[in-house]
Every structure is written in structure tokens, then in C-alpha cells.
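A short write-up of the structure that comes next.
For the single chain, residues carry numbers from 1 onward in sequence order. Just follow the structure's listing: the first ligand is 1, and inside any ligand the first atom is 1.
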Amino acid sequence: MLRRHRAGQVLAVGGLALLLTAVGWGAWAWKSSLLPDTYDVMGYGRHDFGGGSEPADGHHGRAAETVSVSALHGPPGTPDTRFRLVARKANVRLPSGQTVEALTFDGTVPGTELRVRQGELVQVTLENRDVQPGVTIHWHGIDVPNAEDGVAGVTQDAVPPGGSHVYRFRAEQVGTFWYHSHESSSTQVRRGLFGAIVIEPRSGVEEGLDLAVVAHVFDGRETLDGRDGTRHRVVAPGTRVRLRLVNTDNAPKPFVLSGTAFRVAAIDGTDLNEPGLIKGNELRVAPGGRYDVTFAMPASPVALRVDGTPAALALSQNGRGLAQVVKPRRVFDPAVYGRPAPVPFGADSAFDREFTLEIGRKPGFLDGDPGMHWTVNGGIYPDVPVFMVEAGDLVKLAISNETSTVHPMHLHGHHALVLSRDGKATRGSPLWTDTLDVEAGTRYELAFRADNPGLWMEHCHNLNHAAAGLTTHVAYLGVTTPFRVGGDAHNHPE
Ligand code: C2O
Ligand code: CU
């Protein structure tokens, strides 16, 4: 009897201890997930050296070689082109009659389209009239010097209402890009703070119709260049047409071009090699991604639609014709399109560092919030890897998606060559990307040259996912930042 009583006591005490341990662990996990009000992104995460050299003193590399992000700005000299973009609130009226309380550059959504020529020194002055708590401009896909990258809390402080900031960079990559705020980006981009930027070849664009078409779900309505419904344009037969498709949303965008065969001439601002003529495919552009499509205008109408929505751009000889709606037969696959061409490195190059970025999901705490959260290599932000590189490194990055949703992964400051998908080598044109849809259950291998020193974001361009912790960095050894996330400048990059 006494024995049994003792045994019961022991069990009870043991159970209580277990419970306390669990509660204690939970409290500890909760507490340790809390982000301070203000912090340095380089002070967080797990520094991953990818098998390459590591600095002796841990975090920031050899002190003697430390350089601040702020020193990595664009070139001096008189700019060849100047722009001024004013961030401000505006009521934007859609053709359907709906009025949207938007955040805009220059009062419109999308903001002013910027066109520059290759080789030009570009200077853009951002003025923030009244957008709380601040605004920045990130040049999505343009590999600008780090201080010009526009990430609040990493490369600059958010520009408060009444403030301004100057960006300078040399336009070297010909192609289609876009710009957007990288302060509270999940909210500010959704509400309209973005626009297209096109870098034209030195010799100018081909004669014909050259149009950026920005697709965005605005207040629940699909829009092309800020217009819902159908927009008509007169185009004479024989005209060379280039449509620069830009997806500024969080979900892949199913574009369908009907009425003509066409080529996908460029992806993410890089021309494809020998793109073949195709017809009827769905062009599934990644969030943040861009496709340039080209064709010669036929005598009959052509239409660009976002599949399953009323948004359309109708091109015709008389400005009234509308090409039939077609059901796309298949999704265009850039991994097998075009013809191979020489590349500076490939799958069998000797890599200086090799990284794995595995996207998952698990229960835990994100800044104190309990729930199912995105993970990178098993950890919830900020317990994620920071990929450390040195200038000149050839880097291999394997991204795998163990979740059931697509993640458009975007690397700032670099273009990466897609080597393989699920172990199969890409077999078409070299495919250089800055924003790659990594589908559920899929694994990609990418390679890039670390040739742009700085602290760079590597994040999901479903900006809601980024805001929910699906974000990390590629950081050059020895680069430090004087900026802080949070704090008085209200820097919240996501
Ligand atoms: Cu288009 Cu980090 O962004
Ligand atoms: Cu995502």
C-alpha cells in the first residue's frame, strides 16, 4: 500500500515535472522568438559558409577589411537621365468605375514608366509626400550597387513623409525590370507603390510597338496597366510588337496571348537564345518576374489576357477587334525552350561555395506568434541561414520546396543561371533568373557569380510569405550595415 502510494507520488511528481518542462520549453521558445524593437540583420541567423573559407573572428569577417553598405553606392558624375518619383496617396479610378484608395508613385498605378538607355547614368530622386511610415525604391532585377538597392533597414532608412532620397546607378542590363517600395512591401506593393523600368539597348528599341504591360490585382480586380476590363489599341499589320509582361502580385500570373504565334524573347531581363515560335501556351510569370513576348502583328486581332479574368489588351487594325478567348493547351516551360549557348559556368564548374535553401513549414513561434510558420533549413525567422560569400566566388544554390505552395524566390543584386530542376539539366536556352517560381515539391539548382559586394535579400516574392518570415540574406564577408530593422526610422523591409 505504502509502496503503491509512493509510486503514485513519484508518477505525479514526474508528470508535473514534464508538464513544467513543456511549459518552460514553450515559454522559452516563445520568448526566444521575440524580435527586439530594433536589430541588425547581420546579427541574426546562422551564418552558413557553404564549405568556403570562414573568417577567424566569426560574424563580420576580418575587421580590417570591413566595409559599410553605405560605401557601396552608385558611380559619381553627371547623370545622363534624371527622374523624380513622388510617393503619395491618391484615389485611383478604374475604368469599371471602382475607386481605390491607393499608394502611388506620381498619382498613378502603376507609377510612371521609366525608360533609359544602356550605359546611361541614371539618377532618381524619391520624394515621399505622405506615405506612412516611409517609402523606399528597390530596382527589382537590376543588379545595382548595394547602397542603391532600396531595402529599408538593410541598405537605407525608409524615407519618411516630407523626406527624399537619391538613387544612382549605371544602366547596364538591357531588359524589362520594375521598381517598388521595399518598406512594408507586402502592404505597399499591393496598394500600388510600383512601376515598370525598361533599359533599352544602346541603339534604341526595334521600331514598332514596345509596351510594358504590368499585371496587378488591385482591390480584388485584375488590371493590366492599371485598367480593368479590355483596353483596345490600333496596331497596323506587320508592326513588330514587343510586350513586356510584368507580374507585380503574390501569385503566379497566367498570361495567354491569342490570335498569333509568338516568341518568348526574354525572361527576367535577359534575352533567350534562339527562342522558337509557339502558340496558345499559358505564360505563367512568377511573382516579380518578367517575360518579353514578340511577334509581327497579323491582319487579324491579337489579345493578351490574364487567363480566367476580364483583363485584356486587345490589338487590332481598327482598334475594335478582339481575338477569341483560347484555353491554353499547356504551360510554357522555360527550362526546355530555345537553344543552348555558351555560359560562363555550369553544373560541373568548381564551386567555391554550395548552399541549400530548403523551404518548409512547422509549428512554432514567429516573433511571439504561435502557429504554422515557414521555415528555411528547418528554422523559423530569424533562425534562418545567412549565406556568406566572398567577392569573386562561384556559388551554387540549391532551392527545394517541401511545402504544398509555390514560392517565387528572388535574389537581389545578382542573376543566377538555372542548372537543373529535380535533377534534370535545363536543355534549352541558358536561363538567367532573378525571380524563380519554385513549385511545390520541386528542387532547383542555380549558380551565380558573387560579383556585387553587399548585404542582399534572398526572399520569397509572395510578399505575404516574406512578411511571414520567408526571407534570408546573401551576405559578403566583411560588409556591415549601419541601418537597423525597426527603431525610429520604422524600417520594416517586408
Ligand atoms: Cu521585388 Cu526584395 O524584392
Ligand atoms: Cu513563398
Distance, nearest 0.5 Å, that separates CG of Asp268 from NE2 of His415
5.5 Å
Salt bridge flag under 4.0 Å for residues Glu127 and Arg88
no
Residue list, salt bridge (charged side-chain N to carboxylate O under 4.0 Å, His left out) with Arg221, at least two apart or on another chain
Asp228
Going by an N to O cut-off under 4.0 Å, is there a salt bridge joining Arg115 and Glu113?
yes
Sorted by chain and number, protein N/O/S atoms nearer to the Cu ion (ligand 2) than 2.8 Å are His407 ND1, Cys460 SG, His465 ND1
Looking at CZ of Phe218 and CZ of Arg190, how far apart are the two atoms once the value is rounded to the nearest 0.5 Å?
10.0 Å
Qualifying residues under salt bridge (charged side-chain N to carboxylate O under 4.0 Å, His left out), relative to Arg484, sequence neighbours excluded:
Asp40
Only residue of His473, His138, His414 satisfying ring-ring contact (aromatic ring centres under 6.0 Å, His included) with Trp456 is His414
How many N, O or S atoms of the protein are nearer than 2.8 Å to atom 2 (Cu) of ligand 1?
3
So that I know where these two stand, are Trp178 and His140 an aromatic pair - ring centroids less than 6.0 Å apart?
yes
For His410 and His412, take the angle between the two ring planes, folded into 0 to 90°, and tell me which bin it lands in: parallel under 30, tilted 30 to 60, perpendicular over 60.
tilted
